[in-house]
A.B. asks: 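The structure's right below; bear with me while I get my questions together.
Note that the structure is a prediction, hence the values are computed from the model and not measured. What's counted below: heavy atoms across the whole structure, side chains too, no hydrogens, waters or symmetry copies.
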Amino acid sequence: VQLQASGGGLVLAGDSLRLSCAASGRPFRSLDMGWFRQAPGKEREFLAAISWKGNTQYGDAAQGRFTISRDNAKSTAYLQIYSLKPEDTAVYYCAAGEVWRTLTSGTPDSWGQGTLVTVSS
(Lines give C-alpha, C1' and ligand atoms only; values in the text may rest on other atoms or scores of the structure.)
Protein backbone atom coordinates (compact mmCIF):
# COMPACT_ATOMS: atom_id res chain seq x y z
CA VAL A 1 0.00 0.00 0.00
CA GLN A 2 1.25 3.46 -0.86
CA LEU A 3 0.20 6.25 1.48
CA GLN A 4 0.48 9.95 0.76
CA ALA A 5 -0.10 12.26 3.71
CA SER A 6 -0.79 15.95 3.26
CA GLY A 7 -2.26 18.96 5.00
CA GLY A 8 0.48 19.86 7.44
CA GLY A 9 1.98 23.30 7.78
CA LEU A 10 2.58 26.22 10.09
CA VAL A 11 -0.48 27.19 12.09
CA LEU A 12 -1.29 29.33 15.10
CA ALA A 13 -2.30 27.98 18.47
CA GLY A 14 -6.07 27.62 18.55
CA ASP A 15 -6.37 26.92 14.84
CA SER A 16 -7.84 23.75 13.38
CA LEU A 17 -6.26 21.57 10.75
CA ARG A 18 -7.30 18.58 8.67
CA LEU A 19 -4.71 16.08 7.56
CA SER A 20 -5.37 13.77 4.63
CA CYS A 21 -3.94 10.38 3.74
CA ALA A 22 -4.54 9.06 0.24
CA ALA A 23 -4.06 5.32 -0.19
CA SER A 24 -3.36 3.35 -3.31
CA GLY A 25 -2.25 -0.09 -4.31
CA ARG A 26 -4.82 -2.08 -2.34
CA PRO A 27 -8.60 -1.94 -2.11
CA PHE A 28 -9.21 0.82 0.41
CA ARG A 29 -12.21 -0.94 1.88
CA SER A 30 -9.96 -3.76 3.03
CA LEU A 31 -7.73 -1.44 5.05
CA ASP A 32 -7.83 -0.19 8.58
CA MET A 33 -6.25 3.25 8.75
CA GLY A 34 -4.44 5.07 11.50
CA TRP A 35 -2.58 8.22 12.48
CA PHE A 36 0.52 8.58 14.59
CA ARG A 37 2.81 11.46 15.39
CA GLN A 38 6.39 11.97 16.46
CA ALA A 39 7.43 15.15 18.21
CA PRO A 40 11.08 16.25 18.31
CA GLY A 41 13.01 14.12 20.74
CA LYS A 42 10.07 11.86 21.49
CA GLU A 43 8.91 8.44 20.42
CA ARG A 44 6.21 7.97 17.85
CA GLU A 45 2.79 7.78 19.49
CA PHE A 46 -0.53 6.37 18.43
CA LEU A 47 -3.29 8.91 17.86
CA ALA A 48 -6.25 7.23 16.23
CA ALA A 49 -7.41 4.37 14.07
CA ILE A 50 -10.48 3.72 11.98
CA SER A 51 -11.54 0.33 10.74
CA TRP A 52 -12.77 -0.44 7.27
CA LYS A 53 -16.28 -0.47 8.80
CA GLY A 54 -15.82 2.92 10.44
CA ASN A 55 -15.16 1.88 14.02
CA THR A 56 -12.73 4.21 15.73
CA GLN A 57 -10.26 4.13 18.58
CA TYR A 58 -8.21 6.99 19.99
CA GLY A 59 -4.99 7.10 21.90
CA ASP A 60 -4.59 9.08 25.09
CA ALA A 61 -2.93 11.96 23.25
CA ALA A 62 -5.89 12.33 20.89
CA GLN A 63 -8.77 12.30 23.32
CA GLY A 64 -11.11 15.24 22.84
CA ARG A 65 -9.50 17.35 20.09
CA PHE A 66 -8.89 14.82 17.32
CA THR A 67 -11.35 13.17 14.96
CA ILE A 68 -10.46 10.42 12.52
CA SER A 69 -12.63 9.72 9.51
CA ARG A 70 -12.46 8.11 6.10
CA ASP A 71 -14.00 8.47 2.68
CA ASN A 72 -13.95 5.09 0.99
CA ALA A 73 -14.99 6.58 -2.34
CA LYS A 74 -11.85 8.74 -2.32
CA SER A 75 -9.57 6.12 -0.72
CA THR A 76 -8.63 8.74 1.81
CA ALA A 77 -8.44 8.92 5.57
CA TYR A 78 -8.50 12.15 7.52
CA LEU A 79 -7.42 13.47 10.88
CA GLN A 80 -9.14 16.63 12.04
CA ILE A 81 -7.37 18.45 14.85
CA TYR A 82 -9.08 21.23 16.77
CA SER A 83 -7.67 23.89 19.08
CA LEU A 84 -4.09 23.17 18.16
CA LYS A 85 -1.45 23.68 20.83
CA PRO A 86 2.30 24.19 20.51
CA GLU A 87 2.80 20.74 21.98
CA ASP A 88 0.98 19.30 18.95
CA THR A 89 4.03 20.21 16.87
CA ALA A 90 5.20 16.96 15.32
CA VAL A 91 5.51 14.96 12.16
CA TYR A 92 2.19 13.24 11.60
CA TYR A 93 2.19 9.84 9.94
CA CYS A 94 -0.66 7.90 8.48
CA ALA A 95 -0.59 4.14 8.45
CA ALA A 96 -2.55 1.24 7.05
CA GLY A 97 -3.08 -2.39 7.89
CA GLU A 98 -5.41 -5.27 7.23
CA VAL A 99 -5.48 -6.32 10.87
CA TRP A 100 -6.92 -3.89 13.42
CA ARG A 101 -4.43 -4.76 16.14
CA THR A 102 -1.48 -3.79 13.96
CA LEU A 103 -2.77 -0.24 13.87
CA THR A 104 -3.46 0.13 17.56
CA SER A 105 -0.20 -1.54 18.55
CA GLY A 106 1.89 0.65 16.29
CA THR A 107 2.98 -2.06 13.87
CA PRO A 108 0.97 -1.35 10.74
CA ASP A 109 1.71 -2.89 7.38
CA SER A 110 2.45 0.43 5.71
CA TRP A 111 3.53 3.94 6.69
CA GLY A 112 3.11 7.19 4.87
CA GLN A 113 5.96 9.65 4.55
CA GLY A 114 4.74 12.03 7.24
CA THR A 115 3.54 15.60 7.17
CA LEU A 116 4.96 18.25 9.49
CA VAL A 117 2.63 20.28 11.66
CA THR A 118 4.16 23.25 13.43
CA VAL A 119 2.03 25.15 15.92
CA SER A 120 3.18 28.62 16.81
CA SER A 121 2.08 30.40 19.93
A.B. asks: Which heavy atom of S121 sits nearest to which heavy atom of A13, and what is that distance?
C.D. replies: CA-CB, 4.3 Å

A.B. asks: Would you kindly confirm whether V1 and L79 end up in one hydrophobic cluster when ILVMFWY residues are joined by side chain heavy atoms under 4.5 Å apart?
C.D. replies: yes

A.B. asks: If Ile, Leu, Val, Met, Phe, Trp and Tyr residues are connected whenever their side-chain heavy atoms lie under 4.5 Å apart, and connections chain through other members, are I68 and I81 in the same group?
C.D. replies: yes

A.B. asks: So, taking the atom named CG in L31 and the one named CD1 in I50, what distance separates them when rounded to the nearest 0.5 Å?
C.D. replies: 12.5 Å

A.B. asks: Sorted by first residue and then second, give each ring-ring contact (aromatic ring centres under 6.0 Å, His included) pair with at least one member in residues 13-60; sequence neighbours left out.
C.D. replies: F36-F46, F36-W111

A.B. asks: Applying salt bridge (charged side-chain N to carboxylate O under 4.0 Å, His left out) as the test, list every pair that has at least one member in residues 48-66; sequence neighbours left out.
C.D. replies: R65-D88

A.B. asks: Say you draw a straight line from OG of S20 to CD of Q4; how long is it, rounded to the nearest 0.5 Å?
C.D. replies: 10.5 Å

A.B. asks: Please give me the minimum heavy-atom distance between A61 and L47, naming the atom from each residue.
C.D. replies: CB-CD2, 4.1 Å

A.B. asks: Taking it one step at a time, do C94 and L19 satisfy side-chain contact (heavy atoms from CB on, under 4.5 Å)?
C.D. replies: CA-CA 9 Å; C94 63; L19 306 179; over 6 Å; no

A.B. asks: Any idea which heavy atoms bring A49 and T104 closest together, and the distance?
C.D. replies: CB-CG2, 4.4 Å

A.B. asks: Of all the heavy-atom pairs spanning A96 and L103, show the shortest one and how long it is.
C.D. replies: C-CD2, 3.9 Å

A.B. asks: Listing request: all ring-ring contact (aromatic ring centres under 6.0 Å, His included) pairs with a residue in residues 64-92, at least two apart in sequence or in separate chains.
C.D. replies: none

A.B. asks: Does anything in residues 1-30 form a salt bridge (charged side-chain N to carboxylate O under 4.0 Å, His left out)? List the pairs, not counting sequence neighbours.
C.D. replies: R26-E98

A.B. asks: So which pairs with a foot in residues 38-51 pass side chain to side chain donor-acceptor pair (under 3.5 Å), sequence neighbours left out?
C.D. replies: R37-E45

A.B. asks: Can you sort out the partners of T56 under side chain to side chain donor-acceptor pair (under 3.5 Å), two or more places apart, ordered by chain and number?
C.D. replies: none

A.B. asks: Measure across A23 and L3 and return the closest heavy-atom pair with its distance rounded to 0.1 Å.
C.D. replies: CB-CD2, 3.6 Å

A.B. asks: Any side-chain to backbone donor/acceptor pair from T89 onto V119? Under 3.5 Å, distance only.
C.D. replies: yes

